Amino acid sequence: MNRDETYWVDEPVPETPTPSEYPAPWKKTRVVGERLPRIDAYERVSGTAVYPSDIVLPDMLYGAVLRCPHARATVKHLDVAKAKAIPGVAAVLTGTSPEAQVGWPLYRGMTDIPLFAEICRFEGEPVAAVAAETPQQAADALRAIEVEYEVLPPVSDERDAVAPGAPKVHEAGNAVGEPDRYERGDVESGFAEADVVLSKTFRTAYEIHAPMERHGCVARWDGDRLVVWESTQGVFSVQSWLSRILGLSLANVRVINTYMGGGFGSKLQPSKHTIIACLLAKLAARPVKLFISREDAMLCVGNRPGTDMTLKAGVKRDGTLTAFEFSSLSSPGAYSEGGAGLVDWVVRDLYTCPNVRCETRLVSINAGPVRPMRAPGHPQGAWALEQMMDELAEAIEMDPVELRLKNVPAVSQARGGQPYTSTGLRECMVEGAKAFDWETASKGAKGNGNIVRGVGMGACVWIAGGGGPPSTVIVKLFSDGSVNLNMGASDLGTGTRTVMAMVVAEELGIDAAGIQVENADTATTQFATPSGGSKTVPTESPAVREAAYNVKKQLLELAAEEHELDAADLMLDDGAVVSRSDPSVRFPVAELSSLRRRRVLIGVGYRGPNPEGKAVNPFAAQFCELEVNTRTGEITVLRFLGAHDSGRVLDRLTFDNQVFGGIAMGIGFGMTEERVLDRGQTGKMVNPNFHDYKIPTALDVPADMVSLPIDPHDTECNTTGAKGVGEPVTIPTAAAIANAVADATGVRLTEAPITPARLLAALAEQRKEA
Ligand code: MOS
């Protein structure tokens, strides 16, 4: 398997025994598939939900990190004497502190780097840290640290980094490993066969994750045991990193995640500040809270790499694709923390094409490390591929939807022809086009004057579809019929708690709202991989279902014994054990004396592997309509429709909200979001704040958004039939916008985001040519 396909796992996954008995696929469901509001909605909206950033402990200190203000510099001299003298300062750490002699492990076995840098390779690299009684005293202490830097010329753009004579980010040069190459068929003869061959270059900007809750933690030592509350996608991932870096046993590292305010891939792992907080707490022998500022988060905890792409494509008059040749260049920043790959996956796998050659290259620049960001690589690749599909369609005078439909693959070509457990790609396009009324909308008038209208679409496949092992879940049924779900997967704000409670409710014939779901906690909940890869639901829900199913089996056996009935004839309904053959035979669960004597029944569920030799993937097609003001370059997105095959929809409300949120994020990628570095000069980020780095707001997304689930009734992928939503939503959105802009104006914008300035420049160019 491609390592990138499981980027959320930091260790190889061992073979573990598969469950001996899987529950059969659901037929008719009572709870699953309904629109259930969050079971924790009240806590979330009332402010009573406790997030890691809300944690306050007695005697707690506040940590802060001094970061290099230059994109490239060497620390010549560092003096912390004045900082130590600031009132309230309890601990100071620098690169020479004995406590700080721990390595920071980089992605893919690259060697460790020091916790505090002497040679700084990006703006924001930690240089020293303090802990003080108040955040203000900590900030004063940082200001009092004297650092003398030798500032060096940085390289801040991947295109500059490959130029001869470019500043070297690392001694060995700027290339990061060998290019990743992929080839099938014979690309040259594929192009020779084509009636039309087009080649275009595309570029996307660097995008910042920007979750609502900032990155950070509270760390406390209980003797030899470390307890960390971290805003994280995976408590077990943080536990394994801390244990490795600090040389502690896993049992001596407890990581707790309460509620948490988003991650988008930037919180799959801890950050240097997590380690720093732990070390400061040890040094001061007091708990330390360390949350980084929004500005630092924009510099230091990940981004989606900007990507330069060239795509050459061949097509026959009848719409048969004959060849793709793709190359890309992007940068993981100064160090790789994963998530810079997979750019070419949609080119390899989305459409039927016998001849494909891809080369993806990475090069270092003096900027903060990349981390996986919502569908790593895919929106960039789709920006190129889905615009190219429209260009090809125009060249052969075919409707863009029809061209795509002609090339819907039956198997995963990038996996040597593996069949999918299910694919709703065709239905996404057909049903989506119907519901959008593509037929009428694509032929409608473009408008006149300076306001012109256009429609566009894009499609996608997402590389992952959940999986396992390992994942273990425990469901407890108490003697009064109430239920506790013990699961180690974090709810990032995406509704995991609610969806899993629905699975338990479905199986046990009870209401989801009353089920208690434990917070992810390495000491009290069972192992789960980090919530990411759009795999939380498809990975965890079968384990949850099996745990509930195992409780149900025990309960029905107890009831059968107590009332001298046949267990096989019993089922659970509305809090009671009921006979299938005679519904008048009915015993409330809470009144079973056999259960009361036991006090609690425990069901354990394990996630088994996905079916061997099959690919499990979500698919989608999105459609948009927009207006362009050709005088101002402003775009108003009028409506969006997302037709998504993510398998079975477990909570329709949460599902739709994932689709709306993902489209909003795609609108940001396509229209507003761009990390701007001062290229060729200081290399510093010039927009590290929400004023200048523009996240789409309610006013930027259309009120008219439609979520159209396409359920292929996949009974093979796993026992709940869910394949995952989340990441796939953000893949085709920006390309659909670009296609609609081209439809409206006749101008194709190949550089994302499509800002008013870029659009106006392109329109001016068009007028010049006319
Ligand atoms: Mo995602 S990029 O696995 O949070």
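Counting starts at 1 for both ligands and their atoms, in listed order. Predicted model only: the values in this text are computed from it and were never measured.
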Open item on the list: I want to know whether Phe619 and Tyr420 have ring centres closer than 6.0 Å.
Closed with: yes
Task: salt bridge (Lys or Arg N to Asp or Glu O under 4.0 Å) against Lys614, all qualifying residues, sequence neighbours excluded - done: Glu716
Task: Donor-acceptor pair between Asp700 and Thr697 side chains, under 3.5 angstrom - done: yes
TODO: Quick one: sort the Phe122 and Tyr335 rings into parallel, tilted or perpendicular, breaks at 30° and 60°.
DONE: perpendicular
Open item on the list: Within ligand 1, which atoms have a heavy atom of Gly533 less than 4.0 Å away?
Closed with: 1 (Mo), 3 (O)
Task: Sub-3.5 Å N/O-N/O distance, Arg374 and ligand 1 - done: no
Task: Atoms of ligand 1 close to Gln233 [distance to a heavy atom under 4.0 angstrom, numbered from 1] - done: 4 (O)
Open item on the list: When you measure from the heavy atoms of Glu727 to every atom of ligand 1, does any distance fall below 4.0 Å?
Closed with: yes
TODO: Compute whether any side-chain donor of one residue and acceptor of the other, for Asp714 and Thr421, lie under 3.5 angstrom apart.
DONE: yes
Task: Numbering as shown, the atoms of ligand 1 that approach Phe264 to under 4.0 Å (heavy-atom distance) - done: 2 (S), 4 (O)
- [ ] Please confirm whether Ala375 comes within less than 3.5 Å of ligand 1 when only nitrogen or oxygen atoms on both sides are compared.
- [x] no
Open item on the list: Just to check, does Gly263 reach to within less than 4.0 Å of ligand 1 when the distance is taken from its heavy atoms?
Closed with: no
Open item on the list: Taking 4.0 angstrom as the limit and counting only heavy atoms of Met373, give me the atoms of ligand 1 inside it, by number and element.
Closed with: 2 (S)
TODO: Before signing off on this row, confirm whether Pro372 and ligand 1 have an N or O atom pair separated by under 3.5 Å.
DONE: no
- [ ] Specify whether His644 and Phe655 have parallel, tilted or perpendicular ring planes, treating 30° as the upper limit for parallel and 60° as the lower limit for perpendicular.
- [x] perpendicular
Task: For Glu125, all residues meeting salt bridge (Lys or Arg N to Asp or Glu O under 4.0 Å), sequence neighbours excluded - done: none
